[in-house]
**Student:** 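Next up is a structure, given as structure tokens.
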Amino acid sequence: MGKDVEVGGGFSAKDYQDPPPAPLIDAEELTQWSLYRAVIAEFIATLLFLYITVLTVIGYKSQTDVNKNGDGCGGVGILGIAWAFGGMIFVLVYCTAGISGGHINPAVTFGLFLARKVSLVRAILYIVAQCLGAICGCGLVKAFQKSYYTNYGGGANELADGFSKGTGLGAEIIGTFVLVYTVFSATDPKRNARDSHVPVLAPLPIGFRCLHGSLGHYSDHRNGYQPSSELWSGSDVQQREGVG
């Protein structure tokens with residue numbers, strides 16, 4: 001926590017400044033190039049995140065498919081998948097933090113909107129860009145590796161045997177909460193004021209949170225925590241099963 005500075009025998013002045021709350025609707029923001037540059041950054045980051053992580057999951061499934069002469073103990077393993085998720089988040093947040101804030105997740109954007117860190121206009125545009133980026137990222141995987149994509153469910157999340165939907169839902173809620181909590185902690189203005197190196201290292205705990213979340217929940221429901229990632233692969237699975 002930030003410390004209060006003693007002034008005249010009392011503790012009133014702060015050694016940090018809380019940023020003013022973002023306006024709910026800022027029409028002037030729509031005229032600024034910085035907004036659209038940030039939206040493009042969110043689109044590209046989410047596209048790259050889904051492209052790499054879905055390819056990793058599909059590659060792991062293909063390498064361990066014993067029905068196709070795969071090695072059941074081969075592939076990158078669960079640890080490799082976790083590193084793909086955590087490593088990509090670390091790199092992408094580091095690259096886009098100075099442009100868009102490095103949200104790369106509708107849940108993070110929504111949380112920051114509720115905290116008045118971003119305006120409603122920016123939040124909506126970010127979420128739309130993130131969802132479109134996720135769709136395009138999965139679409140690229142399907143275009144380049146169509147047979148693997150189709151055979152292994154597009155890398156979509158699924159419940160493991162022995163776990164109920166309620167368990168999967170609970171794991172998603174807890175995992176997403178921890179993610180948003182980590183983002184708020186890593187970008188806290190009080191922490192930035194006390195430790196000047198924190199803004200540079202902020203992507204690191206966020207990336208590690210994704211890595212640990214992937215390791216902790218992969219055994220029960222193949223963790224997600226990324227609402228936009230379910231749009232393409234989830235709808236694809238439903239169409240193949242005749243649900244949608």
Side-chain angles (χ1 to χ4, degrees), residues 21-22 24 35 38-54 57 81-82 84-97 99-138 155-159 165-188 202-218 220-235:
L24 182 62
L35 171 63
V39 170
I40 294 172
E42 287 292 315
F43 171 83
I44 294 175
T46 313
L47 183 153
L48 292 175
F49 177 69
L50 267 295
Y51 177 73
I52 295 298
T53 54
V54 170
V57 172
I81 293 175
F85 276 79
M88 280 302 295
I89 285 294
F90 169 72
V91 170
L92 293 173
V93 171
Y94 184 84
C95 292
T96 61
I99 303 174
S100 65
H103 297 192
I104 321 175
N105 192 319
V108 173
T109 300
F110 184 66
L112 292 172
F113 165 69
L114 292 180
R116 299 293 301 276
K117 302 292 186 182
V118 296
S119 67
L120 178 62
V121 172
R122 184 177 291 265
I124 292 175
L125 290 178
Y126 273 22
I127 292 174
V128 171
Q130 291 157 1
C131 292
L132 290 176
I135 291 172
C136 292
C138 291
N157 298 331
E158 57 185 0
L159 285 170
K165 293 181 179 179
T167 301
L169 177 62
E172 285 288 321
I173 292 173
I174 294 172
T176 305
F177 168 79
V178 175
L179 171 62
V180 178
Y181 177 80
T182 304
V183 171
F184 272 80
S185 297
T187 58
D188 188 353
L204 188 60
I206 299 173
F208 269 106
R209 198 240 61 89
C210 293
L211 186 152
H212 294 153
S214 298
L215 287 176
H217 291 296
Y218 189 86
D220 54 27
H221 74 290
R222 314 297 191 260
N223 67 286
Y225 317 141
Q226 173 61 285
S228 59
S229 69
E230 306 301 323
L231 288 177
W232 177 280
S233 55
S235 62

**Student:** Locate the shortest heavy-atom distance separating A41 from I99; write the atom from each residue and the value.
**Tutor:**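 Scanning both residues, the minimum pair turns out to be CB-CG2, 3.8 Å.
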**Student:** Between CD of Q130 and CD1 of I104, what distance do you get to the nearest 0.5 Å?
**Tutor:**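 Going from CD on Q130 over to CD1 on I104, the span is 8.5 Å.
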**Student:** Using the side chain to side chain contact (heavy atoms under 4.5 Å, CB included) rule, pick out the option among I52, L48, T46 that qualifies with L50.
**Tutor:**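 Among I52, L48, T46, the one meeting side chain to side chain contact (heavy atoms under 4.5 Å, CB included) with L50 is T46.
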**Student:** Restricting to non-hydrogen atoms, name the atom on T176 and the atom on E172 that form the minimum distance, rounded to 0.1 Å.
**Tutor:**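 Taking every non-hydrogen atom into account, OG1-O, 2.7 Å.
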**Student:** Considering non-hydrogen atoms only, spot the tightest contact between V118 and A123 and give its length.
**Tutor:**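 Shortest heavy-atom separation between V118 and A123 comes out as CG2-CB, 4.2 Å.
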**Student:** Can you list everything that forms a side chain to side chain donor-acceptor pair (under 3.5 Å) with T96? Sequence neighbours excluded, please.
**Tutor:** none
**Student:** To check you understand the geometry: which heavy-atom pair defines the closest contact between A38 and S100, and what is its length?
**Tutor:**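 That closest heavy-atom pairing would be O-CB, 3.4 Å.
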**Student:** With sequence neighbours left out, what residues match L47 under side chain to side chain contact (heavy atoms under 4.5 Å, CB included)?
**Tutor:** F43, C136, L140
**Student:** Taking the side chain as everything from C-beta on, heavy atoms only, tell me whether V57 gets closer than 4.5 Å to T53.
**Tutor:** no
**Student:** Among I44, I89, V91, V54, exactly one meets side chain to side chain contact (heavy atoms under 4.5 Å, CB included) together with F49. Which residue is that?
**Tutor:**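 For F49, the side chain to side chain contact (heavy atoms under 4.5 Å, CB included) test succeeds with only one of I44, I89, V91, V54, which is I89.
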**Student:** With sequence neighbours excluded, give me every ring-ring contact (aromatic ring centres under 6.0 Å, His included) pair touching residues 110-136.
**Tutor:** H103-Y126
**Student:** What is the distance from atom CD1 of I127 to atom CG of N105, rounded to the nearest 0.5 Å?
**Tutor:** 9.5 Å
**Student:** State, with a plain yes or no, whether a side-chain heavy atom of L112 is found less than 4.5 Å away from one of F184.
**Tutor:** yes
